[in-house]
Amino acid sequence: MSLFYSVEMAPHDPILGLNETFNADQRPEKVNLGVGVYYDAAGKLPLLRAVQAAEEARVAEHAPRGYLPIDGLAPYDNAVQKLLFGQDSALLGSGRLITTQAIGGTGALKLGADFLYRLLDKRLVAISDPSWENHRSLFEAAGYEVVTYPYYDPETKGLNLAGMLQGLEALPEGSVVLLHACCHNPSGVDLEPRHWEAVASLAEKQGFLCFVDMAYQGFSADLDSDAFGPRLLARRLPEMILATSCSKNFGLYRERIGAVSLIGHSAEQTRATFSQLLSAIRNVYSMPPAHGAVLVREILEDAELRAQWLQELADMRGRINHYRSAMVQALREAGVQRDFGFIERQRGMFSFLGITPEQVERLKTEHAIYMVGSSRMNIAGLSEANLGHFVQSLKQVLQG
């Protein structure tokens with residue numbers, strides 16, 4: 001008998017499966033608002049000019065292709081630290097902060113989850129309600145019990161702060177709390193500075209470990225503002241862990257370029273803890289690929305390329321915010337009675353539209369508009385070419 005005889009089909013990923021269905025759809029008016037990728041005005045994934053210049057320089061070097069160290073390209077790791085915590089952060093020379101390259105933001109989360117599971121006695125992880133679908137499965141696969149804390153308020157379309165703080169306060173000491181640094185996925189509702197202060201105070205009081213997922217730095221306000229939360233936690237707390245991604249803000253999705261950063265009580269403790277993380281990496285993929293790390297390092301360290309990248313990042317952010325406002329205005333002008341003004345208050349690529357799964361399904365089947373069943377939509381998928389179709393389709397669906 002075949003060893004695989006009784007293996008059952010795994011469930012489809014709700015986002016990747018949606019993308020497959022979209023690709024198979026032959027209707028010319030189709031609109032993809034499901035996949036979490038930035039699109040330009042032409043509906044295409046752009047190749048940033050800064051990336052193109054760095055890549056041309058990389059190819060011209062004709063560099064050998066030897067293995068990187070387990071923790072990746074050291075100049076990239078250092079550049080990521082400065083991006084996260086600022087050029088003048090006291091952490092940079094303290095020895096309490098160590099960073100390793102990872103295979104994308106997902107790989108960084110996976111490494112952090114597996115590594116923490118090996119070290120901690122209490123294996124409870126709290127994620128926001130809602131959160132990115134993969135957060136739960138990543139931590140459950142590592143062996144954790146995953147619970148949720150209140151976050152999004154569907155009535156106000158904003159943050160349920162009281163519920164969040166009550167949920168965090170009820171967690172047992174030693175729990176791991178996963179936090180979105182900015183551009184919350186899927187709701188687009190972010191913590192304000194005073195909210196981060198409250199979370200830091202609770203972490204000090206309750207003794208939970210903050211694990212920050214920072215996948216969209218620069219897509220909310222700017223690099224420094226978007227890093228407010230992690231920087232505050234780093235100042236207030238003795239320990240924390242961060243999973244970060246350069247896939248989105250550099251447009252390097254398929255290069256899978258991310259990082260894991262650890263902050264410990266002391267330099268000695270951090271080195272010992274980091275050695276366990278390196279051991280976890282060795283058991284998975286040994287060492288990371290170089291190409292994406294070289295490009296990011298080059299852009300961040302070259303003044304001209306960095307300035308160009310910052311402008312391109314600002315343009316992407318500006319386009320997203322423009323379509324938040326344009327969508328709300330177009331819905332009002334079309335006579336849609338429901339108030340969608342909350343879309344303008346949310347940040348990053350994603351927002352909950354606040355319609356039912358049945359209405360989401362009607363948008364797909366009747367109008368070729370694709371989004372996740374929860375009604376999470378990617379604002380960057382809107383354009384001048386499809387905004388009118390989207391607005392009229394949504395109006396019809398809302399009218400029944």
Side-chain angles (χ1 to χ4, degrees), residues 29-46 48 130 152-159 180-193 195 215-226 228 248-249 251 310-355 359-360 363 367-372 374-399:
E29 72 273 19
K30 65 181 181 179
V31 181
N32 191 347
L33 303 178
V35 65
V37 172
Y38 175 82
Y39 295 115
D40 61 18
K44 304 294 184 182
L45 175 64
L48 302 188
Y152 178 74
D153 186 341
E155 294 299 320
T156 65
K157 308 296 191 298
L159 179 68
H180 299 237
C182 63
C183 305
H184 185 274
N185 181 3
S187 73
V189 175
D190 284 353
L191 299 180
E192 298 174 7
H195 304 149
Y216 297 96
Q217 186 179 6
F219 273 92
S220 178
D222 55 62
L223 293 177
D224 292 330
S225 299
D226 292 359
F228 178 89
K248 287 81 171 176
N249 50 13
L310 287 174
Q311 183 58 58
E312 291 182 280
L313 181 58
D315 291 342
M316 290 191 288
R317 180 173 64 243
R319 183 179 175 278
I320 291 171
N321 290 334
H322 165 74
Y323 276 100
R324 286 186 175 279
S325 298
M327 170 186 163
V328 172
Q329 181 178 350
L331 286 168
R332 288 172 181 158
E333 292 175 351
V336 175
Q337 297 301 308
R338 185 181 298 190
D339 181 13
F340 286 95
F342 62 89
I343 297 290
E344 292 183 281
R345 299 190 296 271
Q346 296 169 355
R347 311 303 295 172
M349 289 203 296
F350 303 115
S351 281
F352 272 145
L353 196 56
I355 62 177
Q359 290 170 322
V360 170
L363 281 174
H367 303 282
I369 295 174
Y370 287 74
M371 64 181 67
V372 182
S374 63
S375 81
R376 187 205 80 169
M377 64 177 293
N378 177 8
I379 303 295
L382 294 175
S383 68
E384 291 298 323
N386 63 36
L387 181 60
H389 172 58
F390 168 77
V391 167
Q392 291 302 319
S393 299
L394 179 58
K395 180 180 179 180
Q396 291 182 35
V397 167
L398 291 176
Q399 290 174 341

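- Using a 4.5 Å heavy-atom cutoff, the side chains of K157 and F352 are not in contact.
- Remark: the Q392 side chain and the Q396 side chain contain no N/O donor-acceptor pair separated by less than 3.5 Å.
- Put simply, the side chain of S393 gets close to the backbone of H389: a donor and an acceptor are under 3.5 Å apart.
- For the ring pair (Phe, Tyr, Trp, His ring centres under 6.0 Å) test, no residue two or more places apart in sequence or in another chain qualifies with Y323.
- Residues R345 and R324 form no side-chain contact, since every pair of their non-hydrogen atoms from C-beta on lies 4.5 Å or further apart.
- The two residues F342 and L353 come nearest to each other via the heavy atoms CZ-O, 3.6 Å.
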Inset, instruction - Begin with the C-alpha distance, continue with both residues' side-chain angles, and end with the deciding distance and a verdict on side chain to side chain contact (heavy atoms under 4.5 Å, CB included) for V35 and Y370. - result: CA-CA 9 Å; V35 65; Y370 287 74; over 6 Å; no
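- Between Y216 and C183, the shortest heavy-atom distance links the atoms CB-CB, 3.7 Å.
- Contact of the S220 side chain with the D190 side chain is registered, since non-hydrogen atoms from C-beta on lie closer than 4.5 Å.
- Both the sub-6.0 Å distance and the 45° axial angle are satisfied by R376 relative to the ring of F350.
- Atom OG of S325 is separated from atom CD of E344 by 4.0 Å, given to the nearest 0.5 angstrom.
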Inset, instruction - Please step through side chain to side chain contact (heavy atoms under 4.5 Å, CB included) for the pair R347 and N321, ending with a clear verdict. - result: CA-CA 8 Å; R347 311 303 295 172; N321 290 334; 3.4 Å; yes
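- Within the 4.5 Å cutoff, no side-chain heavy atoms of E29 are placed close to those of V31.
- To the nearest 0.5 Å, atom CG of residue L223 and atom CG of residue L310 are 5.5 Å apart.
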Inset, instruction - In sequence, state the C-alpha distance, the side-chain angles, and the governing distance for E333 and L331, and then conclude on side chain to side chain contact (heavy atoms under 4.5 Å, CB included). - result: CA-CA 5 Å; E333 292 175 351; L331 286 168; over 6 Å; no
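- At least one side-chain heavy atom of L382 sits under 4.5 Å from a side-chain heavy atom of L33.
- Remark: R332 CZ to F340 CZ distance equals 11.0 Å, nearest 0.5 Å.
- Formation of a donor-acceptor pair under 3.5 Å by the N386 side chain with backbone atoms of S383 is found in this model.
- Looking at heavy atoms from C-beta onward, L159 lies in side-chain contact with H195 at the 4.5 angstrom threshold.
- Contact between I320 and M349 at its shortest, heavy atoms only, is CD1-CG, 3.5 Å.
- Looking only at distances, a side-chain donor or acceptor of N249 sits under 3.5 Å from a matching main-chain atom of Q217.
- Not a single donor-acceptor pair under 3.5 Å links the side chain of N378 to the backbone N or O of G36.
- A distance-only check finds a donor-acceptor pair linking the side chain of K395 to the backbone of A334 [under 3.5 Å].
- Closest approach of H184 to P130, counting heavy atoms only: CE1-O, 3.2 Å.
- The two residues A221 and D226 come nearest to each other via the heavy atoms N-OD1, 2.9 Å.
- Under a 3.5 Å cut-off, the side chain of Q359 and the backbone N or O of S375 do not form any donor-acceptor pair.
- For the atom pair CG of L363 and CG of L394, the computed distance is 6.0 Å after rounding to the nearest 0.5 Å.
- Here the side chain of D40 pairs a donor or acceptor atom with the backbone of K44 at under 3.5 angstrom.
- In this structure, CG in L48 is found 12.0 Å from CD in Q311, a value given to the nearest 0.5 Å.
- Put simply, the side chain of Q337 gets close to the backbone of G335: a donor and an acceptor are under 3.5 Å apart.
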Inset, instruction - With side chain to side chain contact (heavy atoms under 4.5 Å, CB included) as the test, would you mind laying out the steps for Y38 and R319 before giving the verdict? - result: CA-CA 10 Å; Y38 175 82; R319 183 179 175 278; 3.1 Å; yes
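- V360 is not listed as a side-chain neighbour of V397, based on a closest heavy-atom distance of 4.5 Å or more.
- Considering all non-hydrogen atoms of both residues, G341 and V328 come closest at CA-CG1, 4.1 Å.
- Other residues, nucleotides and ligands contribute only 12 or fewer heavy atoms inside 6.0 Å of the CD atom of E155.
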